Every structure is written in C-alpha cells, then in structure tokens.
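Numbered from 1 within each chain, the chains take letters A, B, ... in sequence-line order. Just so it is clear, the structure is predicted and the values come from calculations on it, not from any experiment.
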Number of protein chains: 2
Amino acid sequence: MRWSALPPLNTLLPFEATVRHASMTAAARELHVTHGAVSRQIQNLERSLGTSLFERRTRALHPTPQARQLAAVVRDALDQIDAAARQIAPRAPAGPLTLSCEPTLLMRWLIPRLPDLAAKVPDVTVHLSAGGGPVFFERDDIDLAIRRDDFPFPEDASRTRLFAERIGPVCRPDLAARLTDAAGASQVTLLHTGTRPQAWDDWRRITGLRAEPASQQTLEHFYLTLQAAAAGVGVAIAPYAVARDDLERGQLVAPFGFVPDGTSYHLLGRPSHEQDGRVRRLTAWLRARTSRLDDDSEQV
Amino acid sequence: MRWSALPPLNTLLPFEATVRHASMTAAARELHVTHGAVSRQIQNLERSLGTSLFERRTRALHPTPQARQLAAVVRDALDQIDAAARQIAPRAPAGPLTLSCEPTLLMRWLIPRLPDLAAKVPDVTVHLSAGGGPVFFERDDIDLAIRRDDFPFPEDASRTRLFAERIGPVCRPDLAARLTDAAGASQVTLLHTGTRPQAWDDWRRITGLRAEPASQQTLEHFYLTLQAAAAGVGVAIAPYAVARDDLERGQLVAPFGFVPDGTSYHLLGRPSHEQDGRVRRLTAWLRARTSRLDDDSEQV
DNA sequence: CAAGACCGGTGAGTAAAATTCACTCATGCG
DNA sequence: CGCATGAGTGAATTTTACTCACCGGTCTTG
C-alpha cells in the first residue's frame, strides 16, 4: 500500500540522464547502452506514470516541467542513497592503485591522459606498471590490468570491456601516396613489432589487401615502430588506440583506415576490489575515455 | 562518476522490507515473491556494498545498525520519489470504482471484509456488482472484475492473479461422521450448484474419491447451497474462499479438506486505469487479503 | 536540392537478471 | 525425537533489459 505510485526503479537512471542531457542518445552514451535501451526505459516510466514526460521534436527532446521536477527529486533521492551507501561501504585502503598495461598503450595513450585523470578523479593515486600477458594480481601486487582478450583471463577476475582492437597501417604523410601506387608500394619497408609479429598477417587476412614490401624490419614495441614510421623509415601496422594522438597531430596518416581484428581490450580487476569506490571511479573514467576508441565512426 | 557507490536499485525494496520485518520470509510475503528471491536480492546488495547487512542467526535475522540506517535513508528517498510521481500522475477521476465479482464470493467473502477495506483504503469508494463470465468494462461500466480463469480473458485487460481455486465438500459438523462411514455415505444428499454443475465431478476426478449419494439437489448459487448445507440438508461442494468464514465459525466442516482444481481467481482491470493510484491501492489490498486463500497451508 | 548525418521509435532476437522450485542445513520447541 | 521454521542454494524457468538493424522525419551541407 505504501509507495503506490512508485515507478520501476530501474527506469530512474536512464530517465535522469535523459533529462539532464535533453537527449536519449547522449544519456545512452553516458550509461554505455544503446539509445534503444534508454528509449524503452523512458517508455516504461511514462507508462508507469501514465503521463508523457518529454515533448518529442524531431531532433530535440524537451523534458516537460514535470519531468524536470521529477528528475530533480530523483537526483536528490539517489544522492542520499549513494551517500548512505558510501558510509556503509568498508573504508577503502588508502594506498595507491596499481594499474598494469601494455607498454605502448601506456606510453602513447595512458600517460598523455594522466593530467585528465588527476583532474577528474583526484582522490585516486595510480601506480603504472608496464606489462602484458597473464595477470597475477597477488604475485605482482597489481590491482587493475588492461589486457587484450587474446588469451584466457583469470576465472575470478572482474572484467569490464573497454574497446575493440582496430589495426591499420600508418606512415609519414609524404609516404602515403606511394602505398596506393602499385609501383611505389613494392618499394616500401614494412615495420613489424616484436610483441605482435602476426599483426601484418592479420591485417592482410581481414582486409584482403596485399603488401609486397621491398624490405622488412622488426622493432620490439609498437612505440618504437611508430617512432620509426614517423621518421619515415617505412610503414608500420599499429592499433588505433596507440596511433591516435600521432594521427591527430598529423605526424602519421592511416591511408587504409583501421579494421577490427576481433579482439577487445578489457579492464581486469581483483574481485575483492569490485565495490571499492576508487576502483569504480577509475573504471568509470577509463570507460568514458576509451568509449571513443570503441566507436566505429572513429575509423579515420 | 556520479553515484559511484549506488547499489542496484532493484535490491532496495526487498532490502527495506527485510529490515522492517527483520525477516526475509515476511518481506517476501509482503512483496508477493518467494523468500529465495529476497534472499538473492539481499545478497546482491551486500555484494554491491561489500558489507554484510544482517547478522544471521538461525531463526532470526538481525539488521546491523548500518542496515537500519541505510533502510531509513532508502525509505525516505523512495517516499520523495513516490510523492513526486504522485504529483505528476494524472489526477484520477474522483468517482467510485465499480468492482464486479461472482455473487457468492461477493456475499460470503468480499462484503464481510468491506469494513476492513474502508479502514485500510479510506480514499477509495467501491461500487459492488454481482456478475460472472465475460467482462465488458465499457458496456457495463465496470472498472475492475474478479473472475476465475475458466474462460479467456479480454486480450488487453490488465490482470493480477489473486488465489487458486480450491474446492471441497462441506457439511454440518454432525453429518461429517457419516461421510467417512461406508454405510452412511450412501444415504447423504449431494447439493449441486447451478452456476457450477460440474464441481462434484471435478472433485471426484481430482481426488479419486467416490460419492454415492442417496439423492441430489441443485440450487442456483453457492451461497444457497451453503445455506442448505448449514441447515443439514446434505453435503455441498464449495470453493474454500466462500466457505471459509462458515468453517471458522464452526457452522460447517470440510472432512476431506480442499483441493486445487487448476483454476485461479484474477483481478481484471481496464488497461487505462493501471496507473491510477486508487486502482493500485485497491489491488494491493485485494492481493494482501487474498494471499492467505492462496496458501496451501490453509487447506484445513 | 539531393546526400548524408542525426535523432528517436520499433520488431525481432538475444543476453542477462530475477524468480521459482525443490531441496539442504541448522535449530528451537513440544 | 520428530516437526516446524527460516535462510541458503543449484538448476531451471520466466521475465526483463538490451542490442541490432531498420524506419521515418528533419536539419545540414556541399
């Protein structure tokens, strides 16, 4: 009998986000779901209340005054619950969190974004550790690890998918023209990476494109390969995530774009830390910052 | 990043009810789910918070102080949301609600409970209408109807299951001895009911018991049949719900108990009234009052 | 002014979550 | 001791949430 008008609680988060953004699509992005999911939850809520909550225009969504008011109440109510939950949650150990990550992703993606991390999640201190392959949380004293799912993850690790791997050839802008020119393509040097020697083969298999190199060269890590590519040594094959900043700066170009190779990067964590607020905030930040990398429209 | 400690919202209602009752089983009863469902939601919540919320003793559950506090916050937060939702929900038309119901269930079950209804749901005025069979909300100006699912319900009606039909023979206490006595059983008069002529056959089929009556008699409605049984005319077959009060008063006894016949009673409503607060409150009251009728332990 | 991007709605299919069912265990009670 | 009661749980099932792929509008842009 109590709370007879209470709407389905699962509709509240999508609703609140939608009102805040005045957009279902934006809310969906924030919540890491599709716009369809938000659309349906809004419909649930409206059906439950028996009222429409938005004025639907074609490109814009206008929350009604009642919707704004309800959203404000919801925000407030959730704030209270969140605060209460925080108080109850076991005090997190104050020490820094150790995050393990592939060397190149670390150097070319994560480190340049540390200032943003420090700004957005000021209460979390992160220790960075370069590493790949199997994760041993206890042995290596690691709290979180970013890994590509090209090997089986520990059974009990918590995992959050971050973004799909997409690879593509990159080179100095002035070399790009040669690649599409049959005569020039055969005079190009292919740059291989020691830690992922099959990358070129993968790319050829996926795209069906051929590459008949004049010569080949292998460097241990992607950051070295990219360095060589930027120096004009040849054409490297690289993950989009690590090449991204160089592409934006114009130091490298990707004449063939990038294609998914079927693998994805995940954030792995100790199951016991799943409800640690710092872990949650760091996870949220990583998800937010990597969601663009997972976006096909960013295929360049 | 906001609300990083927010627990799954669906766990809040079971949690709040469990704290209030200091019992999962009681909370489950209130929410009309099994205790297992509550148990699992509590586990979800505890996992999400990373803390235990109850001290588990064998027969009793003690909410921790933190749990009490969280429950209080949750109550408060849900109150706010409920109030806001109420304000937004379209003003319900003020008129009385018309409830249609089988004549006997109306006379022998609902009418005796009207004082309780008036006490618990004071803001709802109910018009009662005796009727059975197909429901025509519009034509008959009916808002809600209680019906047994022995015929197809309207496609678009909202429906809430209330309780399982259970039938059994009833008679005056002094006649009961005869029924189990082979010689006496054949001298008994079977009382049939016009609106459900196959009830005795159903019962024989379900129980496998035989009844070789000296004579038979048919009366139109169950309330007449029960009246005759109470007068000692013979043995009636009746739904538990309508015989219940007479059994408790000792006017009738049910020497063979009651058995489910596979059908159930449902509350049907106009889909447009589903979010009407008065309909919700009336539905909640009916569910609460009929849940005992649905309880196998009440098989007498 | 057509081509494409963007937004929200939606049918169908799928994944995930909630719930039930049918048990177990532990224990207090007559 | 046998029974009743309340909670936990593995497996199955049902319900709900979500995704995917598409549609129809409309605003933008070359």
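Along DNA chain C, read 5' to 3', the first and last nucleotides having any atom under 4.0 Å from a heavy atom of chain A are dC6(C) to dA12(C).
Listed by chain and number, the residues in a salt bridge (charged side-chain N to carboxylate O under 4.0 Å, His left out) with R29(B) amount to none (sequence neighbours excluded). Legend: residues meeting salt bridge (charged side-chain N to carboxylate O under 4.0 Å, His left out) with R287(A), ordered by chain and number and at least two apart, are absent. Residues passing the ring-ring contact (aromatic ring centres under 6.0 Å, His included) test with Y265(A) are F163(A), sequence neighbours excluded. Residues that satisfy the salt bridge (charged side-chain N to carboxylate O under 4.0 Å, His left out) test with R161(A), not counting sequence neighbours, are D294(A). Residues passing the side chain to side chain donor-acceptor pair (under 3.5 Å) test with R289(A) are D116(A), sequence neighbours excluded. In this structure, H21(B) has no ring-ring contact (aromatic ring centres under 6.0 Å, His included) partners at least two apart in sequence or on a different chain. For F137(B), there are no ring-ring contact (aromatic ring centres under 6.0 Å, His included) partners at least two apart in sequence or on another chain. Checked against ring-ring contact (aromatic ring centres under 6.0 Å, His included), F151(B) has the following partners two or more places apart in sequence or in another chain: F153(B).
Straight-line distance from the CD atom of E55(B) to the P atom of dG8(D): 13 Å, rounded to whole Å. Rounding to whole angstrom units, CZ of residue R56(B) and C1' of dT5(D) are separated by 17 Å.
Near DNA chain D, meaning a heavy atom under 4.0 Å from it, residues 35-49 of chain A has G36(A), A37(A), R40(A), Q41(A), N44(A) in order of number.
Sequence order on DNA chain C of the closest nucleotides to S23(A) and P8(B) puts S23(A) first from the 5' end. Of the residues near DNA chain C, L61(A) and N10(A), the one whose nearest nucleotide (by heavy atom distance) lies more toward the 5' end is L61(A).
A donor-acceptor pair is defined here as one N or O able to donate and one able to accept, closer than 3.5 Å; such a pair exists between the side chain of T64(B) and the backbone of L53(B).
Across every non-hydrogen atom of A243(B) and F258(B), the tightest pair is CB-CZ, 4.4 Å. Of all non-hydrogen atoms in I88(B) and T51(A), the two that sit nearest each other are O-OG1, 3.6 Å.
S4(B) and R281(A) share a side-chain donor-acceptor pair at under 3.5 Å.
Using a 4.0 Å cut-off between charged nitrogen and carboxylate oxygen, D276(A) and R270(A) do not count as a salt-bridge pair.
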Would you tabulate the nitrogen or oxygen pairs shorter than 3.5 Å linking the protein to nucleotides 13-15 of chain D?
none

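Using a 4.0 Å heavy-atom criterion, one finds that T34(A) contacts the bases of the nucleic acid, with or without backbone contacts as well.
Recorded end-axis angle for the helix from dC1(C)-dG30(D) to dG30(C)-dC1(D) stands at 20°, based on five pairs per end and rounded to 10 degrees.
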